[in-house]
Amino acid sequence: MLFISLNASCQTFPLKTPEFDCPNGAYLKDLDNVFPYWTGTWKGIVNNKEYTFQFVSFPRQLVSYPSSGNYHYEDQLKCKFKVIDLSNNQILYNDLLINNIENYKLHLASYRSIGYIFLYFDDRNHCNNVASFTLIKNLNNTNQVTYKAFEYEEYLRPSDCPYANQSDIPIFLPTSDLILTKQ
């Protein structure tokens, strides 16, 4: 029994594997080498704002579910970003200086061959707002991706949230489609 338990905790699966298909203690690894493409800095301009996204990979991160006692490890792709208003060169938002994995608000949620869905989880100051967007690889230019399909996701509005509507909560992600270029 101990041998089976140790063997299950050492099993490695592709990152795309649904979590419910993994035994307790398994490792969801970036076996398809998805992360190297994204890792680094990407920039784009829309609505007179410059967006800078920095993608960072974090290998073998523990993901645990305290209520069930289940856990697994997985490689994670996180992102931080900066927004500059080009009309006055004012920085509207900047979290590029964060280093702690827990402070990253953007992470890769799922991916297909060319489409990658990212989720944004804001902090309590912004009512734990949640949004998503998709990045699509440009098959004709590997240094460009299309940012598209921004949408608010369902979230649990805290009782002390001062905003009546989710769309009133300040969010600095682009809500329009744009092209991002790798720097």
Side-chain angles (χ1 to χ4, degrees), residues 15 18-20 22 24 27-28 30 34-35 38-111 115-135 145 147-178 180:
L15 195 57
E19 292 175 8
F20 55 82
C22 293
N24 206 29
Y27 177 24
L28 300 178
D30 182 21
V34 170
F35 293 178
W38 295 102
T39 303
T41 302
W42 298 75
K43 286 187 177 187
I45 296 173
V46 67
N47 298 329
N48 211 30
K49 292 181 179 68
E50 179 184 72
Y51 294 88
T52 302
F53 292 90
Q54 284 185 352
F55 293 90
V56 180
S57 64
F58 294 93
R60 200 172 174 87
Q61 297 300 303
L62 175 64
V63 177
S64 61
Y65 306 95
S67 61
S68 67
N70 290 337
Y71 71 97
H72 69 272
Y73 298 90
E74 69 180 25
D75 293 344
Q76 296 179 353
L77 183 65
K78 303 275 186 170
C79 183
K80 47 192 176 178
F81 70 104
K82 176 180 175 180
V83 184
I84 298 175
D85 184 335
L86 295 175
S87 64
N88 57 16
N89 224 21
Q90 179 183 1
I91 296 173
L92 302 176
Y93 181 85
N94 185 5
D95 69 358
L96 294 181
L97 298 177
I98 64 170
N99 292 316
N100 190 336
I101 189 172
E102 287 83 23
N103 295 331
Y104 281 73
K105 295 179 181 180
L106 287 166
H107 75 270
L108 177 65
S110 67
Y111 66 96
Y116 296 74
I117 299 172
F118 286 83
L119 287 174
Y120 173 79
F121 295 99
D122 210 339
D123 56 28
R124 183 131 178 107
N125 294 333
H126 290 118
C127 304
N128 302 318
N129 202 4
V130 182
S132 67
F133 60 88
T134 302
L135 294 177
V145 295
Y147 173 107
K148 63 186 298 177
F150 171 89
E151 66 180 80
Y152 291 100
E153 297 292 331
E154 190 173 326
Y155 80 116
L156 296 174
R157 183 178 175 270
S159 59
D160 61 347
C161 179
Y163 303 99
N165 300 305
Q166 186 179 20
S167 59
D168 295 333
I169 301 169
I171 192 166
F172 295 97
L173 288 170
T175 55
S176 303
D177 296 356
L178 76 143
L180 297 173

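Side chains are part of it too, since the values below use all heavy atoms of this structure and drop only hydrogens, waters and symmetry mates. Numbers here simply count residues along the sequence, with the first being 1.
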Under 3.5 Å side-chain donor-acceptor pair for Asn47 and Ser176: yes

Side-chain heavy atoms of His107 within contact of Phe121, under 4.5 Å: yes

Phe133 and Phe118 aromatic ring geometry - parallel, tilted or perpendicular at 30°/60° bounds: parallel

Any His72 side-chain heavy atom under 4.5 Å of Glu19 side chain: yes

Worked check of side-chain contact (heavy atoms from CB on, under 4.5 Å) between Ile45 and Leu178: CA-CA 7 Å; Ile45 296 173; Leu178 76 143; 5.9 Å; no

Inter-residue atom distance Asp95.CG - Cys79.SG, 0.5 Å rounding: 8.0 Å

Min side-chain heavy-atom separation Pro158-Asn128 under 4.5 Å: yes

Minimum heavy-atom distance between Leu28 and Cys22, given as atom pair plus value: CD2-SG, 3.2 Å

Test item: Pro174 and Lys49 side chains (from C-beta on) under 4.5 Å apart, heavy atoms: no

Whether Gln61 side chain and Pro59 backbone form a donor-acceptor pair below 3.5 Å: yes

Whether over 12 other heavy atoms sit under 6.0 Å from Leu156 CG: no

Closest non-hydrogen atom pair, Phe172 against Leu92: CE2-O, 3.6 Å

Sub-4.5 Å side-chain heavy-atom contact between Ile171 and Tyr120: yes

Distance (rounded to the nearest 0.5 Å) between Asn99 CG and Ile101 CD1: 11.5 Å

Atom pair CZ/CG of Phe55 and Leu106 - distance to nearest 0.5 Å: 7.5 Å

Min side-chain heavy-atom separation Tyr27-Asp75 under 4.5 Å: yes

Min side-chain heavy-atom separation Val34-Leu15 under 4.5 Å: no

Parallel, tilted or perpendicular, as decided by the 30° and 60° cut-offs, for the rings of Tyr116 and Tyr111: parallel

Closest approach of Glu153 to Ser132 (non-hydrogen atoms, all atoms of both residues): OE2-OG, 2.5 Å

Pair Leu77-Asp30, side-chain contact (heavy atoms from CB on, under 4.5 Å): steps then yes or no: CA-CA 10 Å; Leu77 183 65; Asp30 182 21; over 6 Å; no

Minimum heavy-atom distance between Gln166 and Asn129, given as atom pair plus value: NE2-OD1, 2.7 Å

Stepwise side-chain contact (heavy atoms from CB on, under 4.5 Å) check, Leu135 with Trp42: CA-CA 11 Å; Leu135 294 177; Trp42 298 75; over 6 Å; no

Parallel, tilted or perpendicular: ring planes of Tyr104 versus Phe58, cut at 30 and 60 degrees: perpendicular

side-chain contact (heavy atoms from CB on, under 4.5 Å) evaluation trace for Asp160 with Arg124: CA-CA 10 Å; Asp160 61 347; Arg124 183 131 178 107; 3.0 Å; yes

Exercise: identify the closest heavy-atom pair between Ile91 and Lys82: CD1-CE, 4.0 Å

Value rounded to 0.5 Å, distance of CG in Asn94 from OG1 in Thr52: 8.5 Å

Side chains of Ser87 and Asp85, donor plus acceptor under 3.5 Å: yes

Thr41 vs Phe53 side-chain heavy atoms within contact, under 4.5 Å: no

Value rounded to 0.5 Å, distance of NE2 in His126 from CD1 in Ile169: 8.5 Å

Side chain Asn165, main chain Ser167, donor-acceptor under 3.5 Å: no

Smallest separation among heavy atoms of Leu108 and Phe35, with atom names: CD2-CE2, 3.7 Å

